[in-house]
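Report on the structure given below.
Chain naming here is simple, since letters A, B, ... match the order of the sequence lines and numbering starts at 1 in each. For clarity, every value in this text was computed on a predicted model and none was experimentally measured.
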There are 2 protein chains.
Amino acid sequence: MTAPLHEARPAGVGRALPDTQQGMRRRNLARVLHAVSAEGSLSRAAVASRIGLTRAAVSTLVDELIRWGLLEELGPERPGRVGRPGSALAVSGRGPAGIGAEIGVDHLAVCAVDLRGAVRARAVHRGANRGRAPEPVIAELTTLVGQVVAEAEREELWPAGLAVAVPGLVARDSHTVVRAPNLEWRDTDLGALLPGDWPLTVDNEANFGALAELWLGAGTPREFLHVSAEIGIGAAIVVDGQLLRGTRGFAGELGHVPVRPDGPSCACGGRGCLEQYAGQEAVLRAAGLQPREDLVGLLAEHAEKGEEGVRAALRDAGTALGIALTGAVNLLDPETVVLGGALAGLSPWLLPSLEAELTGRTAGPACPVAVSPLGPEGPLLGAAHSVVRAVLDDPASVTKRA
Amino acid sequence: MTAPLHEARPAGVGRALPDTQQGMRRRNLARVLHAVSAEGSLSRAAVASRIGLTRAAVSTLVDELIRWGLLEELGPERPGRVGRPGSALAVSGRGPAGIGAEIGVDHLAVCAVDLRGAVRARAVHRGANRGRAPEPVIAELTTLVGQVVAEAEREELWPAGLAVAVPGLVARDSHTVVRAPNLEWRDTDLGALLPGDWPLTVDNEANFGALAELWLGAGTPREFLHVSAEIGIGAAIVVDGQLLRGTRGFAGELGHVPVRPDGPSCACGGRGCLEQYAGQEAVLRAAGLQPREDLVGLLAEHAEKGEEGVRAALRDAGTALGIALTGAVNLLDPETVVLGGALAGLSPWLLPSLEAELTGRTAGPACPVAVSPLGPEGPLLGAAHSVVRAVLDDPASVTKRA
DNA sequence: CTAATTTGTAAACGGCCATGACGAAATAGT
DNA sequence: ACTATTTCGTCATGGCCGTTTACAAATTAG
């Protein structure tokens, strides 16, 4: 059977560039870089056979990537087979770096990641940001960025872009934070506040967390649901290796999926939304605890001590999550569900009831549920890596800037 | 801000082909054909400016497409502006044709669609197929296909492929019907039964229906949810102009989204699934009617007469649908929801309660709900058009076959 | 030590789009 | 009516890019 090729507007490098010889070259540069990056170390001949070009063509492409400082020659490979050994190539550890930043409710963090994916510099600033005006927060963040950039530059890296993860809604393809309830920011344009001549990306921390899971997670599928609870409960949906954002960018609002249609009414206008059962406020209330800054730690502490009320509250939250996820899994048929963010820390008490609900409501084999190994680092790493991926996906872009 | 190019494995023509000059040519041929097809009639210069190539390049591409019989020269355009008028090009009405077939519970249908999208031949065979063995049904279908192909050939069309819509689950990228409850077929390989040297595609009728909506619907968005009820209740999810199939191909199982978690238990193992409230059986039972062949007609008749029991049953089904769709809309943020298949015919009685539920449970503007204008024709047209799209997406493929 | 194998590179080749120029066919202005 | 202008389609030229072919280098097998 012939593979169906239905598609009208292909995404990514494949077609965003005009289909001319220059575009072709540019895409092939990306393919070479991707191949080496994926394998860690590869000879020219290996790259050629992997991406379907000839050795001669790959040679010229590699030359160019080396000239741009994106690829390095490691020297002859250890010969295991007959024939002349290849010369190992690796992605450079001294080229461009992705700068990731995170604006948290109680901290700011910045890190630099090189093309190999290694974190090469980082800086953290603790301190509650809830209710503070954007300007001083961004000023602090700017100095942190400056520190990290300086440290990266000492290691012969240069910043290729800045990506900022924020705990709130970000307008699609913009730098504007539409609403960040936990910071109490509204319609804040970070582009105007952040200095820098680099490309800037601003996105929701949940999205970056999911992307981190996609890029860094162990044995990561290309199709999964990444659930996190920071502000409300959000699910980032990854389909075919890409984030599903929705028409208005509101996709993934798992928190307002109806769990019990006649349940308590919700701020969204609905009734019995998941957030009424598994949201932070709801769980705290059910557990009979007073809120403080580190809610996850609070809950985990008490649950650890074996307090039945707290455990029951978390169990019930898990059940509600399981019901909502059953719906999501039936709709999307993902390979796995990953619990990230605050949910990762509470998973010991959430998972049993969650999985019971999920398997009980599924005919065939239930969708496996995993806990994110990245934990709270996800968003920051995802942000930094998003910049790195941009370079990997279009290496020519690094020469297009002064 | 630079557009993020994140993507690792791009889909479609864009990268499936090796990135060589031949591939480039092939993609550009597709772009020219797409442009003309989208606009109906276009001059070479207009195509050039639209797809970003030069007039000279487009000229040679057009020449090739004309030589292959995919494009036609209509003659000089009516000049409205200064300058020499262009020579209008149109997609040929005498080239390849897509043959679509539908295996329904009470009918077989076949049609031929030309590259312009016009239905040029069709044949229908009424008769209940429930419980019949696959072989005689396929034999009947084969003769219908023969008739349609003969008729198409009289109009100087030649079949470029056959796509079959079946009311059941089809294994991904295969010709095997895993399960078709209403036909009572299991693990039936249509590839072995259907003759022909053409490319064959077999898929679920709901999927083809959604694709028809995507390709033929009025003002069709690239991101929507197509809900249909044939066997069970299914939703085809279209994201960025492509069908979201899920890891195992089971995506879109709206029928088993939990609506009332403590409701009646369902064959799927869950409780309170949508199907328990809006499935055909459930609605019939609630309406107090005896099943017969044409269930939609039956329900519509009685509802039309104003029978309160029937209307109430449909109202309740609409409510349940609304609850399930609220969850789906929150997750996916589609541009619209389209009711197709049996639901389209019953929409007058379903819509009010469905929309009430959907708007009541949404904070911002609710996702609009539309009724498919294609109605029962959807799957058949979608199947035929899928073949046409395959040609449009890779015109060079028509010369690659003897 | 020779034959076989594999790697990387160089030169010639061919395909494809861009560039620039030209004739053709329409409109706009005088 | 006639010329200038604009736009269209095509042709010849040139540059870019991957392929093909050939060859030297480096390793293993015998």
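Rounded to whole Å, atom C1' of C:dG8 lies 14 Å from atom CG of A:L61. What separates CZ of B:R78 from P of C:dT27 is a distance of 12 Å, to the nearest Å. The distance between atom CD of A:E77 and atom C1' of C:dT7, rounded to the nearest whole Å, is 10 Å. The nearest whole Å value for the distance from the CD atom in B:E73 to the P atom in D:dT10 is 7 Å. Computed from coordinates, the A:Q22 CD to D:dC17 P distance equals 7 Å when rounded to whole Å. Regarding B:L53, its CG atom lies at a distance of 15 Å from the P atom of D:dT10, rounded to whole Å. When the P atom of D:dG18 is taken as reference, atom CZ of A:R25 falls 5 Å away, rounded to whole Å. Going from atom CZ of B:R84 over to atom P of D:dT7 covers 14 Å, rounded to whole Å.
In terms of position along DNA chain C, the nucleotide closest to A:A88 lies nearer the 5' end than the nucleotide closest to the other residue of the pair B:A57 and A:A88. Each of B:P85 and A:P85 has a nearest nucleotide on DNA chain D; the 5'-most of these lies closest to B:P85. Between A:A46 and B:R81, the residue anchored closer to the 5' end of DNA chain C is A:A46, taking for each the nucleotide with the nearest heavy atom.
When the shell of 6.0 Å around CZ of A:R116 is examined, it contains more than 12 heavy atoms from other residues, nucleotides or ligands.
The main-chain N or O of B:L157 is never found under 3.5 Å from a side-chain atom of B:R94 such that the two would form a donor-acceptor pair. No donor-acceptor pair under 3.5 Å is formed between the side chain of A:R27 and the backbone N or O of A:D393.
Close to D:dT10, at under 4.0 Å from its OP1 or OP2, lies a side-chain N or O of B:S59. Between A:N28 and D:dG18, a side-chain N or O to OP1/OP2 separation shorter than 4.0 Å is present. Neither OP1 nor OP2 of D:dG18 sits under 4.0 Å from any side-chain N or O of A:R55. OP1 or OP2 of D:dT19 lies within a sub-4.0 Å distance of a side-chain N or O belonging to A:T54. Neither OP1 nor OP2 of D:dT7 sits under 4.0 Å from any side-chain N or O of B:R44.
Residues A:T60 and A:R25 have side chains that bring a donor and an acceptor to within less than 3.5 angstrom of each other.
As judged by a 4.0 angstrom heavy-atom cut-off over every strand, B:A45 is placed among residues touching the sugar-phosphate backbone only.
A:Q21 contributes a side-chain N or O that forms a donor-acceptor pair with the base of C:dC16 under 3.5 Å.
Comparing atom distances between the A:V82 side chain and each of C:dC16, C:dT5, C:dA28 picks out C:dT5 as nearest.
B:E223 and A:R248 are not joined by a salt bridge, as no carboxylate oxygen comes within less than 4.0 angstrom of a charged side-chain nitrogen.
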